[in-house]
Each structure stands twice: as structure tokens, then as C-alpha cells.
Amino acid sequence: MEKLVITGGKRLNGEVFISGAKNAAVAIIPAAIMAGGICVIDNLPNIEDVASLRSTLNKMGAGCEYADKHTLKIDSSGDINTCAVFEEVRKIRASYYLLGALLGRYKNAAVALPGGCNFGTRPIDLHLKGFRALGAKVEVSNGIVKLSAEKLIGTQIYMDQVSVGATINIMLASSMAEGTTIIENAAKEPHVVDTANFLNMMGANIKGAGTDIIRIRGVKELHGAEYTIIPDQIEAGTYMIAAAMAGGEVTVKNIIPKHMDSLTAKLAEMGVNIEKDDDSIKIISSGALNCANIKTMSYPGFPTDLQPQMTALLSACNGISVVTENVWDNRYQYVDELRQLGAKITVESRVALIEGVKKLKGAKVSATDLRAGAAMIVAGLSAEGVTEISNIKYIDRGYEEIEEKLSNLGADIIRVDED
Ligand code: UD1
């Protein structure tokens with residue numbers, strides 16, 4: 001087991017290059033098994049979730065090899081095993097995209113999903129409802145979801161709630177259905193658009209991705225394609241928030257600035273100077289910022305995946321901030337860890353009330369999940385003294401070379417073995 005040790009208080013200066021989007025990668029890699037040919041996917045982040053999916057695809061019979069550390073070549077021309085019940089599949093939640101991809105191409109799938117609480121607090125009922133609407137039979141038992149259909153028939157699907165995963169999964173399955181599927185109240189996140197673009201490169205006929213109505217005209221076959229994943233909006237946001245909190249001048253490069261609008265508006269309101277360019281954003285911050293209120297929402301609203309990092313920032317701002325988490329019902333587990341660093345936060349259901357302190361103070365904390373881990377890093381960088389973050393396997397799931405990237409900006413952060 002390893003931990004990250006940060007000596008806080010260093011200002012951040014320089015440039016940081018953002019990797020490809022994790023949440024696009026974990027949808028596009030499973031989508032590639034629909035091709036029945038060779039796909040080359042580039043700008044993949046070099047993270048654990050991608051490695052787990054690569055191993056999964058290999059076990060399913062789709063040859064999946066690294067051409068270089070950011071490029072996978074996936075060959076799905078041979079026989080594919082539609083039963084994916086391996087350990088790697090249970091490790092990442094986004095394995096649910098194998099359901100849509102297998103159902104679309106083979107009309108048959110058995111996929112193990114993360115058990116227990118994931119069906120409770122992170123349900124997939126909307127995914128399953130969509131598959132049923134397309135004509136699939138759905139069975140869930142012992143943590144395995146089984147889907148089968150004689151044929152899939154396009155239909156109109158209204159999403160009761162905006163869901164990224166269900167929108168993408170229905171797009172995958174319906175790409176190879178008979179007739180046209182219309183998804184209403186669809187998610188508009190950048191990775192929904194990226195997955196639709198990739199499917200279209202493979203020969204699918206999807207229109208409207210990025211709006212709340214997506215039309216998918218089913219095609220008989222898809223084919224191999226080459227594709228470059230979009231930059232990671234959440235990784236970019238994490239560095240922007242880190243720079244705002246630690247103070248300094250940081251240019252976040254290789255991004256789509258439009259994807260960052262909800263964050264840049266909020267940081268500007270708090271007193272950060274922001275300079276936008278075609279594919280970069282420069283953050284200029286004194287580190288002494290004003291409080292703000294945040295409400296998380298689906299895109300283009302403020303992303304829930306930046307909520308923990310933002311709460312970390314607000315905990316050392318001037319005044320009282322209110323954060324409202326509208327997407328997940330229990331996304332404040334990390335608050336106890338921030339309190340270890342001296343943050344003054346009270347949580348009542350979906351609302352966190354944050355009384356800004358002058359400085360956080362270094363302490364031993366744990367990464368309770370991926371973005372919570374990012375919040376600990378953001379907090380530790382500006383805290384006085386030493387912060388030790390354990391349980392960093394979560395951070396490695398989603399951030400490529402985070403300590404190298406931060407060290408290059410002047411942070412004092414090292415990875416060491418736990419005693
Ligand atoms: C994706 C992201 C995740 C992010 C989330 C919200 C990936 C791999 N993960 O997760 O990092 O936090 O979007 O932006 O892209 N819901 C249901 N039934 C369902 C599906 C979802 O009730 O069948 C609810 C969820 O409980 C949640 C809300 O819908 O309250 C949004 O979830 P969703 O957009 O589906 O999240 P994911 O796609 O799982």
C-alpha cells in the first residue's frame with residue numbers, strides 16, 4: 001500500500017497537460033467490441049480503470065493491446081464471449097457499458113456488476129428500463145445482469161431522471177436495433193457526445209447527442225474506427241481548483257474550455273483571474289478567495305465530480321458557503337477527513353454549510369473515494385504542514401501521474417510506501 005505525502009503551502013506555477021477523459025474512455029472501450037473489426041483509440045488516460053477494462057476485453061476474446069501507453073488497439077473480429085463475470089468487471093462500475101454493447105451486437109449479455117450498495121444508492125434501473133423498452137428480457141440475480149432478445153426494436157424512451165450511464169447504454173444497444181430510437185431527457189455531458197461521435201465513426205447513425213433529445217437510427221453492422229478521446233473535464237477542473245486554492249499562475253492545457261464554463265464562472269465570482277485560450281485556461285490566484293454557493297447538476301450545470309474538490313477550496317475561503325449536492329444522495333463521506341485538516345463544515349442531508357477558515361492544517365487523512373481523494377490533495381497542497389493521504393488506490397483509478405504533474409507545478413508531493 002502506498003500513500004501520498006504533501007508538504008503544503010507552496011504556490012503552483014507553470015503548465016499542466018490534461019489527459020484523456022476517464023468517463024469517455026470507460027464507455028468507448030466497451031463500445032469498441034461492437035465493431036467486429038479493429039478500433040484504435042488514442043488519448044486514453046493511463047489509469048487503473050482503463051487497465052481493468054483492457055484485461056476484461058482480453059478475457060472476453062477481444063484482443064486489446066497497448067500500441068503505446070495512451071493508445072489501445074482493440075480487435076473484436078473474432079468470437080466474443082458475451083458472459084463477462086470476471087473480477088476486473090466487478091472492480092469498475094462502468095462495466096455496465098458492456099451490457100449495452102453486448103446486447104446491441106449479440107442480443108445477449110451476462111455481466112457481473114458491483115454488488116450490494118451499488119444497486120441501492122447507485123441504481124441501474126433506468127438502464128434496464130431502456131433495454132426492456134427495446135425488447136430485451138432482463139434478469140438480475142447474484143450480482144449478474146442477464147439480457148437477451150430475439151431482436152431489438154427502436155422506440156421512444158423518456159428518461160425519468162437525467163442519467164449519463166443510462167443515456168450511453170441505451171445509445172449503445174439501440175445503435176444496432178431495428179428502426180429508430182428516441183431518447184428524451186437525455187444526459188448532455190461531454191462524454192455522452194464523445195461516445196456518440198465514436199459510434200458514428202463506426203457507422204452508427206446518432207443525431208442530437210449533446211442536446212436532451214437523441215435520435216438513433218439502428219444499423220445492421222458497425223465497423224472498426226480510429227478515435228481520439230476528449231480531454232478530461234474533471235481532471236482539468238481538479239487542477240484549476242488546486243491552483244485557485246494554493247495560489248499562483250497555472251495554465252491548464254489540452255482542454256476544451258467550453259466544458260469548464262460552470263467552474264470558471266464560479267472561480268471568477270470568488271476572485272480568481274481567468275484567461276481563456278482555444279485549448280487552455282490560465283488560472284491566476286492570490287489564494288485568498290471569497291465564499292460562494294454551489295449546486296451540483298447534470299451538464300452544463302456544476303459537475304458533482306468536482307463537488308468534493310470545490311468544498312475543499314471553500315473550506316479555506318473568506319465567509320460562509322453553501323454546497324448543495326443534487327445528483328448523489330450521499331456524497332459527503334469525505335467531510336470527516338476535511339475536518340481532520342481543520343475545515344468547519346456541517347452537513348444536513350444534501351447540503352453542506354462551510355465556514356471558511358484562514359488556513360487548513362496538515363494531518364493524516366484517507367481517500368474515501370476517487371474525487372474525495374482529489375479533494376484531500378487539493379486541501380493538502382494549501383494546508384500548513386504535512387498532509388498524508390492513505391488509500392490512494394482510488395486516486396490511481398482516475399488520475400494519471402498526479403504527483404508528477406503537481407511536482408512539475410512546484411508542489412511538494414511524494415508517493416511513499418505505507419509503514
Ligand atoms: C456518471 C459518472 C460519475 C458522475 C455521474 C454524474 C461515469 C463512468 N461516471 O455516473 O462519475 O458522478 O455520471 O455526473 O461516467 N440514477 C437512477 N437510476 C439509474 C441511473 C442513475 O436513479 O438507472 C440516478 C443516480 O442514483 C443519480 C443520478 O441518476 O442520482 C445520476 O446518475 P448517472 O448520471 O447515471 O451517473 P453514472 O452514469 O453512474
Side-chain angles (χ1 to χ4, degrees), residues 20-31 44-45 47-50 52-53 89 91-101 113-114 117-133 138 140 145 157-173 183 185-196 198 209 212 229-230 232-235 237-238 259 262-263 294-310 324-334 349-350 369-375 394-395 397-399:
K22 165 187 157 303
N23 287 347
V26 298
I28 284 172
I29 295 169
L44 287 165
I47 53 174
E48 280 302 313
D49 272 13
V50 168
S52 298
L53 274 173
V89 180
K91 262 205 234 167
I92 51 168
R93 202 181 145 70
S95 302
Y96 53 45
Y97 291 131
L98 291 169
L99 286 167
L113 290 179
C117 63
N118 289 294
F119 283 98
T121 55
R122 296 191 71 173
I124 59 161
D125 57 305
L126 296 171
H127 304 228
L128 302 184
K129 196 172 158 190
F131 296 146
R132 278 194 195 99
V138 177
V140 184
V145 181
I157 299 175
Y158 182 84
M159 310 284 283
D160 301 328
Q161 180 166 355
V162 178
S163 161
V164 174
T167 301
I168 292 179
N169 241 336
I170 295 166
M171 271 189 340
L172 292 171
I183 309 177
N185 199 24
K188 302 191 279 274
E189 266 68 2
H191 44 293
V192 173
V193 180
D194 212 32
T195 308
F198 174 60
D212 46 22
I229 300 259
I230 50 164
D232 196 308
Q233 171 204 13
I234 305 301
E235 188 198 16
T238 302
H259 292 169
S262 61
L263 176 63
I294 310 286
K295 291 182 180 170
T296 66
M297 266 178 258
S298 58
Y299 189 83
F302 193 92
T304 173
D305 288 354
L306 288 175
Q307 182 260 100
Q309 301 89 312
M310 199 66 184
T324 310
E325 173 55 56
N326 288 314
V327 180
W328 299 112
D329 50 16
N330 187 14
R331 199 166 194 172
Y332 289 119
Q333 295 100 320
Y334 66 91
S349 177
R350 287 172 179 263
D369 64 48
L370 168 59
R371 307 303 172 187
Y394 285 117
I395 300 171
R397 274 193 41 216
Y399 286 90

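Numbering of ligands and ligand atoms starts at 1, following listing order. Basis for what follows: all heavy atoms, side chains included, without hydrogens, waters or symmetry-related copies.
Under the 4.0 angstrom criterion for non-hydrogen atoms, R331 is in contact with ligand 1. Within the structure, the closest approach of P123 to ligand 1 falls below 4.0 Å when heavy atoms are considered. Put simply, no part of Y299 is less than 4.0 Å from ligand 1, judged by heavy atoms. Using a 4.0 Å heavy-atom cutoff, H191 is listed among the residues neighbouring ligand 1.
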**OP:** Apply side-chain contact (heavy atoms from CB on, under 4.5 Å) to I183 and M171, showing your working.
**Re:** CA-CA 8 Å; I183 309 177; M171 271 189 340; 4.1 Å; yes
**OP:** Could you give me the CA-CA distance, side-chain angles and deciding distance for I47 and R397, then say whether side-chain contact (heavy atoms from CB on, under 4.5 Å) is met?
**Re:** CA-CA 6 Å; I47 53 174; R397 274 193 41 216; over 6 Å; no
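In the vicinity of V26, heavy-atom distances shorter than 4.0 Å reach the ligand 1 atoms 8 (C). Close approach of ligand 1 to V327 is summarised as follows: ligand atoms under 4.0 Å from at least one heavy atom of the residue are 6 (C), 27 (C), 30 (O), 31 (C). Ligand-side atoms of ligand 1 in range of I124: 19 (C), 23 (O), range being under 4.0 angstrom from any heavy atom. Each of the following atoms of ligand 1 lies closer than 4.0 Å to a heavy atom of G165: 35 (O), 38 (O).
Residue contacts with ligand 1: D125 is placed with a nitrogen or oxygen under 3.5 Å of a nitrogen or oxygen of the ligand (distance criterion only). Between A166 and ligand 1, no pair of N/O atoms sits closer than 3.5 Å.
Between R331 and D305 there is a salt bridge, since at least one side-chain N of the basic residue sits less than 4.0 Å from a carboxylate O of the acidic one.
Among R371, K295, E325, the single residue meeting the side-chain hydrogen bond (donor to acceptor under 3.5 Å, both in side chains) criterion with Q307 is E325.
For atom 3 (C) of ligand 1, the choice among T304, V164, D305 with the nearest heavy atom turns out to be D305.
The heavy-atom pair separating S262 from G301 by the smallest distance is OG-O, 3.5 Å. For the pair L98 and P30, the tightest heavy-atom approach, listed with the atom from each and the gap, is CD2-CB, 3.9 Å. Among all heavy-atom pairs drawn from N185 and V162, the shortest one is OD1-CG2, 3.5 Å.
Formation of a donor-acceptor pair under 3.5 Å by the N169 side chain with backbone atoms of G100 is found in this model.
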